[in-house]
Amino acid sequence: MENDTGFPLIPNVFSGFNSLVASATYGSLSVARVLTGQFNPANGIGLANTSLAFIGNRLFALAESDLPYAVNVTPDGDIDRLGRHDFDEKLTFSMTTHPKIDLDTVECFAFRYGPVP
């Protein structure tokens, strides 16, 4: 249904924690979507709607709850999603949506966090 409409119909479990009831509802809906085969968290759980960053001459859409998504802006101004990017399996969990570029070395620095060290 979400692919047909072009936007999310059911909130992501990480999209907002306004109250305990809302959090439980979001979590329950996410579990139901996984169990019914509507959603596979291995394919990503984020909406990549927080920031954009150029890393290694590629444009990435970032969200705190998922891996970066490589994107391309077409000459018409449309955005093509090229897919989730894990930097050759070096990134196993999400990363910050605000990486920093060292202007002298052009290195990108980002932190990541997750449930395991």
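We use all heavy atoms of the structure for the numbers below, so side chains are in, but hydrogens, waters and symmetry mates are not. What you see is a predicted model, and the numbers here were worked out from it, not measured in a lab.
Listed by chain and number, the residues in a side-chain hydrogen bond (donor to acceptor under 3.5 Å, both in side chains) with His85 are Arg58 (sequence neighbours excluded). Under the rule for a side-chain contact (heavy atoms from CB on, under 4.5 Å), the partners of Thr96 that lie at least two apart in sequence or sit in another chain are Glu64, His98, Ala110, Phe111. Take Thr74 and apply the side-chain hydrogen bond (donor to acceptor under 3.5 Å, both in side chains) test, not counting sequence neighbours, and it matches no residue. Under the side-chain hydrogen bond (donor to acceptor under 3.5 Å, both in side chains) criterion, Glu89 pairs with no residue, sequence neighbours left out. Ser94 is linked by a side-chain hydrogen bond (donor to acceptor under 3.5 Å, both in side chains) to nothing, counting only residues two or more places apart in sequence or in another chain. Not a single side-chain contact (heavy atoms from CB on, under 4.5 Å) links Asn57 to another residue, sequence neighbours left out. With sequence neighbours excluded, the residues that form a side-chain contact (heavy atoms from CB on, under 4.5 Å) with Val31 are Leu35.
Judged purely by atom type and a 3.5 angstrom limit, Asp88 has no side-chain atom pairing as donor or acceptor with the backbone of Lys90.
The minimum heavy-atom distance linking Thr105 with Asp102 is given by the pair N-OD1, 3.1 Å. Closest of all the heavy-atom pairs between Thr97 and Pro99 is C-CD, 3.4 Å. When all heavy atoms of Thr50 and Ala63 are compared, the pair lying nearest together is OG1-CA, 3.8 Å.
Membership of the apolar cluster around Leu62 extends to Ile55, Phe60, Leu67, Phe87, Leu91, Met95, as traced through chained side-chain contacts below 4.5 Å between ILVMFWY residues.
In the hydrophobic clustering of ILVMFWY residues, with side-chain heavy atoms under 4.5 Å counting as a link, Leu82 and Leu59 come out apart.
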